[in-house]
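The next block holds one structure in the form of structure tokens; read it before the comments.
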Amino acid sequence: MDQIQQFLPFILIFVVMYFFMIRPQMQKAKKEKKFAEELKKGDRIVTKSGLHGKVFDFSEKNNAVIIETGSGKLTYDRSAISLEMSQKLNQPVTDKK
């Protein structure tokens with residue numbers, strides 16, 4: 001019983017780290033992966049570097065997305081598309097008074 005009490009603080013620290021750090025990161029990664037897989041032509045997106053554009057086509061060979069912008073077409077990796085910023089871009093605008 002004494003040995004268990006010695007390791008109890010370490011076990012509790014690991015459990016707290018799992019629920020407050022590791023698990024949320026895993027859920028966020030899963031959401032981003034699902035978002036990247038569900039992209040379709042015509043979706044308005046924002047990359048993690050801040051480039052705004054519209055999905056023009058997909059390159060399955062390179063696992064990339066061809067984005068149409070005001071200055072032309074660019075190819076970006078699917079992982080470079082930001083889930084949070086793309087969702088904010090596609091939200092309806094509400095008036096704040």
Side-chain angles (χ1 to χ4, degrees):
M1 186 69 176
D2 193 36
Q3 290 179 346
I4 293 176
Q5 288 180 348
Q6 282 180 327
F7 291 110
L8 190 60
F10 295 113
I11 294 170
L12 289 174
I13 288 172
F14 178 75
V15 169
V16 167
M17 282 181 56
Y18 177 78
F19 282 107
F20 287 104
M21 296 175 75
I22 299 169
R23 189 166 180 257
Q25 286 288 39
M26 289 174 27
Q27 288 177 335
K28 182 179 176 184
K30 189 184 286 187
K31 281 182 185 178
E32 286 184 356
K33 184 178 178 185
K34 182 180 175 188
F35 172 74
E37 289 173 354
E38 292 177 349
L39 283 175
K40 58 189 178 297
K41 290 182 182 181
D43 284 348
R44 293 178 21 189
I45 58 164
V46 179
T47 63
K48 291 181 181 176
S49 62
L51 177 80
H52 291 244
K54 187 169 59 169
V55 175
F56 180 74
D57 202 6
F58 298 96
S59 174
E60 299 300 328
K61 181 176 72 172
N62 298 333
N63 195 26
V65 178
I66 300 171
I67 301 172
E68 183 178 25
T69 65
S71 62
K73 296 177 184 133
L74 301 168
T75 303
Y76 272 82
D77 192 50
R78 283 183 186 245
S79 63
I81 298 170
S82 172
L83 169 66
E84 292 87 14
M85 289 189 280
S86 295
Q87 285 177 340
K88 285 181 185 178
L89 175 70
N90 292 313
Q91 284 180 350
V93 178
T94 58
D95 291 333
K96 294 182 181 179
K97 292 184 180 184

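Keep in mind the model is a prediction, meaning the values are calculated, not measured.
- A single hydrophobic cluster is not seen to contain both L39 and V46; linkage of ILVMFWY side chains at heavy-atom distances under 4.5 Å, directly or through other members, places them apart.
- Nearest heavy-atom pair, H52 versus T69, reported as atom, atom and distance to 0.1 Å: O-CG2, 3.5 Å.
- Counting heavy atoms from C-beta on, the side chains of V65 and T75 never come closer than 4.5 Å.
- Take S59 and apply the side chain to side chain donor-acceptor pair (under 3.5 Å) test, not counting sequence neighbours, and it matches no residue.
- I66 and I81 are not part of a single hydrophobic cluster, where members link through side-chain heavy atoms under 4.5 Å apart.
- Across all their heavy atoms, D77 and N62 have their closest contact at OD1-O, 4.0 Å.
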Name the atoms and distances for all side-chain donor-acceptor pairs under 3.5 Å in residues 16-36, with sequence neighbours left out.
none

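- Here CG of N63 is found 9.0 Å from CD of E37. Values are rounded to the nearest 0.5 Å.
- With sequence neighbours excluded, the residues satisfying side chain to side chain donor-acceptor pair (under 3.5 Å) with K40 are D43.
- Contact between M85 and S82 at its shortest, heavy atoms only, is N-OG, 3.3 Å.
- Hydrophobic clustering, with ILVMFWY side chains joined whenever heavy atoms are under 4.5 angstrom apart, groups Y76 together with F58.
- K54 contributes atom NZ, which lies 9.5 Å from atom CZ of R44 (distance to the nearest 0.5 angstrom).
- Two different hydrophobic clusters hold I45 and L89 under the rule that ILVMFWY side chains link at heavy-atom gaps under 4.5 Å.
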